[in-house]
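In each ligand, atom 1 is the first atom listed, and ligand 1 is the first ligand listed.
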Amino acid sequence: MKILVLNGPNLNLLGVREPAHYGTQSLADIEKMLRAEAATLGVELDFAQSNEEGVLVTNIQQAMGVYDGIILNAAAYTHTSIAIRDAISAVKVPTVEVHLSNVHAREEFRHTSMIAGVCVGSICGFGADSYKLALHGLKAKLS
Ligand code: DQA
């Protein structure tokens, strides 16, 4: 089983960016933790991050036929991007929406997700563990 972990804008700044919301772990720390978890599950992971919407759309398109699933933290594009929603819809690679923070407990504009309706599920509010929970959920769904 091969899963792509795709991260959107500003997540390259994890560790220094608003730690009260996003914790102190860097994206590299999260990658390390998730790779260790995936190894115990027999899942192969690839990681990608981009600050650009079009690059994320291309990453999702290129996942077709290569990955069994996607764990996606689209970051701020979650709340705005019909292009990312349409890409998930088009490729039909089962995708889990992930957020470190509980977006529903924050500003109102974060309560809307453009992508939730085309994802197999959504996890938010557990910090770095949101990715771990998504991995377990997606593995179970795909097995
Ligand atoms: C986020 C939540 C988004 O609202 C925000 O724009 C982010 C990170 C999270 O992981 O909590 O950049 O996706």
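Around the NZ atom of Lys2, the shell of radius 6.0 Å holds more than 12 heavy atoms that belong to other residues, nucleotides or ligands.
Here the heavy atom of the protein found nearest to atom 11 (O) of ligand 1 is Ser101 OG, 2.6 Å. Closest to atom 1 (C) of ligand 1 among all protein heavy atoms lies His99 ND1, 3.6 Å. The nearest protein atom to atom 12 (O) of ligand 1, hydrogens excluded, is given as Arg17 NH2, 2.9 Å; this is a heavy-atom distance. The nearest heavy-atom contact from the protein to atom 6 (O) of ligand 1 is Arg110 NH1, 3.1 Å. For atom 9 (C) of ligand 1, the closest heavy atom belonging to the protein is Leu100 N, 3.4 Å.
Using a 4.0 Å cut-off to heavy atoms of His79, the atoms of ligand 1 that qualify are 3 (C), 4 (O). Close approach of ligand 1 to Val103 (heavy-atom distance below 4.0 Å) involves ligand atoms 2 (C), 4 (O).
Looking at Ala76 next to ligand 1, an N or O pair under 3.5 Å apart turns up.
Side-chain N or O atoms of Gln49 include one that pairs as donor or acceptor with a backbone N or O of Gly8 at under 3.5 Å.
Nearest heavy atoms, Asp68 versus Met1: OD2-CA, 3.3 Å.
With 3.5 Å as the limit, one finds a donor-acceptor pair spanning the side chains of Ser113 and Glu97.
Residue contacts with ligand 1, taken as heavy atom pairs separated by less than 4.0 Å, involve Asn73 solely via side-chain atoms from C-beta onward.
Going from atom CG of Leu133 over to atom CG of Leu138 covers 12.5 Å, rounded to the nearest 0.5 Å.
Checked against side-chain contact (heavy atoms from CB on, under 4.5 Å), Leu11 has the following partners two or more places apart in sequence or in another chain: Asn7, Leu14, Arg17, Asn73, Ala75, Leu100, Tyr131.
Relative orientation of the His79 and Phe109 rings is perpendicular, given thresholds of 30° and 60° on the angle between their planes.
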